[in-house]
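Note that the structure is a prediction, hence the values are computed from the model and not measured. Order of listing sets the numbers, starting from 1, for every ligand and every atom in it.
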Amino acid sequence: MPGFELFGEEERKEVNDVMETGILMRYGFDGPRKGHWKAKELEEAINKTFGSRYAQLTSSGTAALTTAMAALGIGFGDEIIMPAFTFVASFEAVMSVGAVPVLVDIDETLTLDPAAVRAAITPKTKCVMPVHMCGSMANLDALQAICDEHNLILLEDACQSIGATYKGKSLGTIGAAGTFSFDFVKTITCAEGGVVMTNSEDVYTKCDGYTDHGHDHKGADRGADLHPFLGYNYRISELHAAVGLAQIRKLDTFLTLQKKNYRALRSYLEQVPEITFRKVPEGGEDSCSFISWFLPTEEITKDVVAELKEQGILAGNFYWFVNNWHYVRKWDHLKDAKALHNLSSKQRNALQKIKEAKFEASDAIMCRCISTAISLVWSEDQIKEKGEKLVAVIKNVLARQTQKA
Ligand SMILES: *Cc1c(COP(=O)(O)O)cnc(C)c1O
């Protein structure tokens, strides 16, 4: 998964360009920066690599989502339909623009179930936000059809799925806008950063201003810029962009290794007929940053995960073990509406609803799901060892279950 695993010389060189001029900001200082425009260059590289028409870098993936929502006109009281399995950042962005999160069930794609989306539409619905979790994707054709039918905005949170494609297009470039995160554990890292991609000039222009106090960036110098609307500071720095630039040039290498290691580990898991794999929609190509698979029952999965943990084999289950950031079941701070600022009554009601809601279909999937992050630097021997240990643990637990039955 993470670009930080292959890090060094190239990043140092790009950062040194910036260090030598001392111009750490992406705007202005045209003379002293001696031709170095790392953020601009990275935006161009993103468009070229992923096929988006416009790209706006931000200070984080969370900021990218917030910016995208603002630029798409999503705000106070608007309902956003999103999956119950996501990273809290997607949820936070919704809350921060005053919108109302409506969580719905996932299917075996590990993200939005189109039928659940359809059932959740109300007159207040403005946006459908699939979160392409763990390297793969939602059924985007089905979601786009629902959006077209109900005049809704499709916003892709592709923060975890850099390099995955759907019907030949990069994730994040298919909806009205899409986002990547470049935080430290993502496929491309620049320590902290993110991007909004869009094919709409209007959405891009709004992102450009929103991330920089509303500056229109059309003045002869910064002081001469106009401010057509309210903005904030979600800028990326030149230092961060420099790291990202070195990383994006290595993306093909990252993806090749990721896919190779994924296939190698999967071949072990495929030896166990009881295992099934996360569903990739037709026409989709997984980035392979994770391998996600299902066991037959909750009990078996729980035993397998416990045993793997005991043996020090990294294989996560978001239902019980991993953390309280990804699956709705563990989000007590959100359900209890613990915010520092005032939430609107609509947001409070939405959180109360989430607290009372039952996500039975999602529970049934998440409690049987194990996800393993794919490393770029595993050796063949390491994969063999990991694969053999995984299979041994699973077969043991399965045999014990059969004995019990
Ligand atoms: C990482 C991530 C984000 C944004 O995270 P930042 O750490 O703010 O860059 C958003 N959504 C998902 C699904 C993510 O995994």
N or O contact, T62 vs ligand 1, cut-off under 3.5 Å: yes
May I ask you to identify the nearest protein heavy atom to atom 11 (N) of ligand 1, giving residue, atom name and distance to one decimal place in Å? D157 OD2, 2.8 Å
I want to know whether F290 and Y262 have ring centres closer than 6.0 Å. no
For V131, take its heavy atoms, then give the atoms of ligand 1 lying under 4.0 Å from any of them. 13 (C)
Verify the ring-centre separation between H227 and H213: is it less than 6.0 angstrom? no
Describe, in one word, how the ring planes of Y232 and Y210 are oriented to each other, choosing from parallel (under 30°), tilted (30 to 60°) and perpendicular (over 60°). perpendicular
CA sep, side-chain torsions, deciding dist, call: R33, E238, salt bridge (Lys or Arg N to Asp or Glu O under 4.0 Å): CA-CA 10 Å; R33 68 169 60 244; E238 284 288 277; 3.3 Å; yes
Among all the protein's non-hydrogen atoms, which is closest to atom 1 (C) of ligand 1, and how far away is it? K186 NZ, 1.7 Å
Would one find an N or O of T86, backbone or side chain, under 3.5 Å from an N or O of ligand 1? no
What closest approach, in Å, do E285 and V280 show between heavy atoms, and which atom pair accounts for it? N-CG1, 4.4 Å
Between F359 and V328, is there a side-chain heavy-atom distance shorter than 4.5 Å? yes
Close approach, G194 and ligand 1, non-hydrogen under 4.0 angstrom: no
Going by the atom numbers of ligand 1, which of them fall below 4.0 Å from some non-hydrogen atom of D183? 1 (C), 5 (O), 6 (P), 7 (O), 9 (O)
The atoms of ligand 1 lying under 4.0 Å from a heavy atom of G61, numbered in the order shown, are 4 (C), 6 (P), 8 (O), 9 (O)
Which atoms of ligand 1 have any heavy atom of S90 under 4.0 Å away? 11 (N)
Does an N or O from C159, backbone or side chain, lie closer than 3.5 Å to an N or O of ligand 1? no
Going by the salt bridge (charged side-chain N to carboxylate O under 4.0 Å, His left out) test, name the single residue among E9, E14, E11, E10 that passes it with R249. E14
Check each atom of ligand 1 against the heavy atoms of A89 and keep those under 4.0 Å away; list them by number with element. 3 (C), 4 (C), 10 (C)
Can you confirm if the aromatic rings of Y27 and H217 lie within a centre distance of less than 6.0 Å? yes
